[in-house]
Every structure is written in structure tokens, then in C-alpha cells.
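Worksheet: the structure to be examined is printed underneath.
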Number of protein chains: 2
Amino acid sequence: MVTLRQLRYFETLARTKHFGMAADQCAVTQPALSMQIKELERELGVELVERRGGTIAVTPAGQEIAARAEAILGQVRELSDYARQHQGVLTGSLRLGIIPSIAPYLLPEILTEVTKRYPQLDLQIRETQTSPLLEELIRGELDAVLVALPVEPPQLEAMPLFEDRFLIAVQSQAAPDWSKSDLRTRIGQERLLLLEEGHCLRDQALQFCQIANMQARRALGAASLTTIMQMVAAGHGITLLPELCARTEVDRKRVALIAFPEEPPRRIVGLAWRRSSARQSDFTALGQLIKSLRREAVGEGQPANV
Amino acid sequence: MVTLRQLRYFETLARTKHFGMAADQCAVTQPALSMQIKELERELGVELVERRGGTIAVTPAGQEIAARAEAILGQVRELSDYARQHQGVLTGSLRLGIIPSIAPYLLPEILTEVTKRYPQLDLQIRETQTSPLLEELIRGELDAVLVALPVEPPQLEAMPLFEDRFLIAVQSQAAPDWSKSDLRTRIGQERLLLLEEGHCLRDQALQFCQIANMQARRALGAASLTTIMQMVAAGHGITLLPELCARTEVDRKRVALIAFPEEPPRRIVGLAWRRSSARQSDFTALGQLIKSLRREAVGEGQPANV
DNA sequence: ACCATACGATCAGAATATCTGATCGCTCTT
DNA sequence: AAGAGCGATCAGATATTCTGATCGTATGGT
């Protein structure tokens with residue numbers, strides 16, 4: 001008799017193409033996974049993976065079966081989600097992914113508020129860049145993600161939460177030198193500091209500046225905004241900084257923030273989830289909670305112009 | 001962690017609304033089933049069934065979850081079927097339903113032929129009337145059914161196999177008395193013997209005779225064609241007999257068969273299965289096999305006219 | 001050619017999960 | 001008030017699944 005356990009293990013194996021890694025992801029030892037895979041093969045009477053020294057290949061039949069298994073596992077997840085709805089909103093566990101340019105600035109407040117208002121909720125956080133987050137979301141390893149919109153995959157649905165304007169961060173001493181009138185031209189003349197490849201923030205900044213700053217690409221990617229801000233403070237360049245990050249990252253003595261006078265470049269921060277998920281009400285509740293946080297926050301900490 | 005076992009048990013329970021029966025159907029004892037249901041409820045955090053003395057009720061959440069479970073189980077079945085295709089046609093086990101007016105006459109040959117040509121196939125037979133067969137087919141308890149076409153449910157697909165003409169069976173002594181010219185009128189004057197409610201044969205005969213024989217409904221239903229033929233032989237009435245059954249059921253000394261001169265009433269015998277099943281090639285192979293049997297059989301045993 | 005390494009298979013024993021059969025307690029019927 | 005039917009519960013048996021150690025093989029570097 002086929003079991004869900006077998007399907008779970010096999011789906012992971014088909015994805016990783018590696019017994020050891022798959023076993024890790026399933027949180028069991030490699031022999032345990034091997035045995036279940038073998039049992040599934042015996043059960044179905046089909047060779048699912050070809051074991052060749054060093055590496056393995058998923059057979060064509062295996063591919064198809066992995067796809068079906070994935071669909072089945074998805075439906076089981078939705079069944080559980082549906083059930084969870086019946087014990088009230090935002091209860092049980094919710095796996096939330098957040099991108100690095102949001103997590104540190106919003107997460108503490110989110111956690112405080114969630115603990116206060118939804119003590120039943122066990123919020124599990126994963127912080128990484130947008131594309132792995134979306135993959136994991138689609139695979140069902142995450143329930144929702146907090147990212148910059150839009151999100152492309154059609155099986156996802158998103159709720160915009162707030163607008164996050166970009167400011168220009170420059171070394172304080174240099175600030176008086178910046179006139180608001182020709183910001184864009186001026187940017188083109190500076191060295192633009194950006195995060196490393198893969199961060200959506202980098203892409204957004206590049207997109208905005210592509211006309212203005214053709215030499216931006218030579219800027220090597222930094223691993224964190226903190227690094228970048230230290231470099232700005234030391235006068236090694238400028239950067240585009242989301243308002244959200246400003247309060248935390250900016251040392252007012254050493255760095256000045258310049259707002260765009262009109263039509264500021266901005267990102268939309270939103271919550272995304274699988275369209276097929278049965279936890280819609282959880283997500284809208286969580287979205288509302290974050291929205292409300294942000295409104296208060298914006299109210300108290302006004303954007304700092306020069 | 002939700003298991004397929006839990007879903008299987010619960011789906012059965014939701015259908016039977018009875019722990020004991022569900023346990024029987026699942027081939028386990030009642031405590032085993034109770035425990036799995038309880039575990040599923042704990043897992044999902046939802047009460048799935050209301051236990052009230054004597055009887056139980058499936059909660060609304062339970063209904064929805066049972067429906068989802070059913071869908072999931074169906075997909076798992078299809079996954080298995082898909083896999084089975086890969087080890088060649090007509091291997092493994094195949095659960096075939098057959099109606100009583102076909103089974104005794106076709107099954108022996110089918111079994112002989114299947115054993116010869118597909119020794120790998122484990123054919124499990126269920127014999128009952130059309131409507132329970134179709135229900136079980138849709139639920140996935142059967143893989144295919146051999147019935148009179150058409151079959152209505154849209155999720156089923158059917159393959160016509162052969163035409164089975166109806167003959168009139170009368171007591172031998174009375175036979176000379178029948179002129180072919182006005183068969184229909186004549187039928188109206190006789191007592192028509194039919195199977196009990198639920199047999200498609202009864203409905204087909206009634207449909208054909210509805211103009212001719214308005215008093216047919218008073219004929220009490222017999223449980224088997226054998227009973228009916230004994231009564232015909234004893235001169236208690238006449239019946240419409242499918243050609244398929246004639247060789248086996250007719251004692252030529254006591255019963256005569258009269259063929260309709262033109263446009264004989266007939267039934268189409270066919271094989272039906274779930275459209276969603278992944279075993280199409282099994283079914284067409286089985287259909288071909290039955291077709292070929294029938295062609296030979298028709299060739300050797302010509303319909304016996306007066 | 002030889003060693004080191006990485007990978008998956010295998011095995012024995014331990015830990016879990018699941019099942020059975022007996023029994024209990026409740027509710028409805030008579 | 002007694003009996004029948006039903007599901008829950010419990011203890012012990014059984015089957016499944018897991019772990020940790022070990023093995024054999026293929027591969028790549030030297």
C-alpha cells in the first residue's frame with residue numbers, strides 16, 4: 001500500500017537527486033529514506049531512480065510519478081490548511097519567508113504584535129532572497145512570503161501592504177553639495193553601492209538607475225545593507241536606501257538622506273501565498289496586522305530629508 | 001503528520017457513517033479505525049464526526065475533508081495505475097465488476113483466456129447490478145465494469161464490445177402457435193416474466209414492451225434468469241432472453257426461442273472505466289479480448305430460431 | 001595504478017506505530 | 001429495568017520504521 005511518507009521522501013529525492021540530501025531535508029537518516037524509496041518501487045513495480053555510481057538519475061516514469069506525488073502532497077497540505085481554518089484565524093504554525101531587506105526592520109515588531117494578538121500562532125521565519133523564497137512557497141515549504149511586489153508566478157496571489165520609498169544615502173559632509181533639482185544626473189556621477197546578486201533591492205536600484213548610472217555594475221555586491229551603509233558613511237559611495245531601513249541603518253551623524261522631490265522611486269512590500277492555499281483568512285489577518293504596524297511606524301518616524 | 005491510512009479510514013467512515021462497518025470495509029477491527037480517526041482529528045484540530053449514542057454525524061468540516069480525502073485517494077490510485085502501466089499491459093490486479101445477466105455466460109471464457117494470455121493478471125470479480133457497480137467504479141473500488149451501455153456518469157468512459165439481441169423464449173408446445181408477423185401484439189397478450197427490480201435486463205425488457213404489454217408490471221421479479229427459464233419451460237409465461245444467455249439457459253426440449261424478424265431489440269454490452277484512470281491500455285486490451293471471445297462464440301452457436 | 005572520497009545499500013537492534021481481542025460505558029429500545 | 005448496539009479504552013502482540021555502523025562500488029586526483 002502506497003503511503004504519503006513514501007511520496008514525501010520520493011518527491012524530495014526527485015528534486016534533490018541525492019539520497020543523503022533528501023534524507024536531510026526529510027529529517028531522517030539516509031538508510032531510512034533508501035528503504036522507503038525501495039519499498040515504493042517495489043509497490044509500484046517500477047524503477048524510479050537509476051542508481052549509478054556517484055550520481056543518480058530519475059527515470060521518466062519517476063519524473064511523472066514525482067509530479068503526481070507533488071500534486072498529491074499539495075492537496076494534503078491544503079486539506080490540513082482547510083482544517084486549521086476551523087480552529088480560528090492565525091492558530092497553529094505558519095511558515096513565513098521574508099527577504100533580507102525587510103526582515104530586520106519589520107520582524108521584531110511583527111513578532112511582538114503576533115505574540116500579543118495571536119498567542120496561538122507559532123510563526124516560523126525563513127530569511128533569504130526572493131527567488132528561493134518563491135520556490136519554497138510554491139513547493140509548500142512556506143505558507144507565505146513577505147517580499148517586494150510584484151510576484152510573477154501565476155499560482156501565487158499577493159496582497160500589497162505598504163509603499164516603501166527609496167532615499168539617497170550620502171556621506172554627511174557631501175550632503176550640502178547635493179541639489180535636489182538634478183538628483184538623477186548627480187547619481188550618475190557617483191559610485192553606486194549595491195547588495196550582491198540575487199537581492200531584489202539590487203535589481204530595483206539598477207532598474208531605476210539604468211539610465212542615470214551606467215557604471216553601477218562595477219560596484220561589487222555587498223552582503224548586507226549594514227556593510228553598505230558603513231561604506232557610505234566612510235565616503236566610498238552612495239546608495240539607494242528604502243525608507244523602511246533608514247531608521248535602523250542610518251547613523252545620522254555620518255550619513256545624510258536625500259528624498260526625491262517628486263515621483264520617488266519606490267517598492268511595494270506585500271504578502272504573497274499560494275492561490276490554492278486554504279488559509280486565505282490567516283493571510284489577510286497577517287497582512288492587516290503588518291499594515292497597521294507600518295502605519296504607526298510611518299506616523300512616528302518621518303522620512304528624514306536633508 | 002497526516003497519513004493516507006487516516007484518510008482512507010475517514011473517507012470510508014464518512015460514507016458509511018458507522019465505525020463498525022467502516023472498519024469492516026477497511027478490513028481492520030473497530031478500535032483500529034477509531035484510533036486512526038481520533039488521531040486524524042487531533043492532527044487537524046477539528047472534530048470530524050459527532051459521536052452521539054447509537055449513531056454518528058459527520059460535521060460540516062468533516063464533509064469537506066472527506067471530499068478532499070476522496071479526491072486525494074483517487075489521485076493516489078491513479079498514480080499507482082500509471083506506474084502499473086509501466087510493467088506491461090494487464091499485469092497486477094484488476095478489479096472487474098460484471099452484471100448478473102452477463103457474468104455466468106461470459107466469465108468462464110474470460111477467465112480461461114486471461115489466464116492463458118495474461119498469466120500476470122490477477123482478475124478479481126464482483127457480480128452485482130449496474131448501479132452499485134457504477135458507484136463502486138466511481139469510488140475506485142473497481143477498475144472496470146462489464147455492463148449494458150450506455151453508462152450515464154460523465155466521469156466514466158465506455159467501450160462497446162458487442163451487440164446482444166433479445167429473443168423471445170416460450171414453452172416449446174406453444175411455439176407453433178407464434179407467427180412472426182405480429183410478435184409484438186402477441187407479446188402483449190402473454191404474461192411477461194422478469195428479473196427483480198434493479199436488474200438492467202428488467203428495465204430494458206420493460207422499455208421495449210411498454211407499448212405492447214401493459215400488464216407486465218404485475219410480473220413479480222425473479223432472482224435469476226434460471227428461475228425465469230424454469231417458469232417459461234413450465235408454461236407460466238414468456239420472457240425476453242438475451243442471445244448471450246440462450247445457450248446456457250435454454251433447455252431445447254422444453255423451451256423454444258423466437259427471433260424478431262427485423263430490428264430486433266438488443267442491448268450493447270460494453271466495458272466502462274473511470275475517464276481519469278491511467279490504465280486505458282489495460283482496458284482496451286481486456287475489451288479486445290472479450291470482443292474476440294464473443295466473435296468466436298457467435299460463430300459457433302447460431303441463434304436458434306423456431 | 002593507487003588512494004581518498006562520496007554515495008547508496010545493507011544489516012541488526014531499538015523505537016514507534018498500528019492492530020487485535022477483551023472490556024467498558026453510554027444511549028436508545030422494549 | 002433489561003437488552004442490544006455502538007464507539008471508546010486498554011493491554012499486549014505485531015509490524016513498520018528508524019538509527020548507527022558498516023560495506024561495496026564508482027570516481028577523481030595524484
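As the structure is a computational prediction, the values presented were derived from the model and not from experiment. By convention in this document, chain letters (A, B, ...) are assigned in the order of the sequence lines, proteins followed by strands, and residues within each chain are numbered from 1.
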Would you say a side-chain N or O of [X] is under 4.0 Å from OP1 or OP2 of [N]?
X       : N      : value
B/Ser34 : D/dG7  : no
A/His18 : C/dA6  : no
A/Arg5  : C/dA17 : no
A/Arg51 : C/dA9  : yes
B/Gln36 : C/dC19 : yes
A/Lys38 : C/dG8  : no
B/Gln30 : C/dC19 : no

*Whole-Å distance between D/dC6 P and B/Lys17 NZ?*
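To the nearest whole Å, that distance equals 15 Å.
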_Heavy atoms of other groups near B/Gln280 CD, more than 12 under 6.0 Å_ =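 Result for CD/B/Gln280: enclosed.
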*So does B/Lys38 have more than 12 non-hydrogen atoms from other groups sitting under 6.0 Å from NZ?*
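Counting neighbours around NZ of B/Lys38, 12 or fewer heavy atoms of other residues, nucleotides or ligands fall under 6.0 Å, so no.
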Between [options], which nucleotide gets closest to the side-chain atoms of [X]?
X       : options                : value
A/Pro31 : C/dT18, D/dC18, D/dA21 : D/dA21
B/Phe19 : C/dT20, D/dC18, D/dG7  : D/dG7
B/Val28 : D/dT17, C/dC19, D/dG7  : C/dC19

*State, to 0.1 Å, how close A/Gly88 and A/Asp282 come at their nearest heavy-atom pair, and which atoms those are.*
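A/Gly88 and A/Asp282 have their closest heavy atoms at O-OD1, 4.4 Å.
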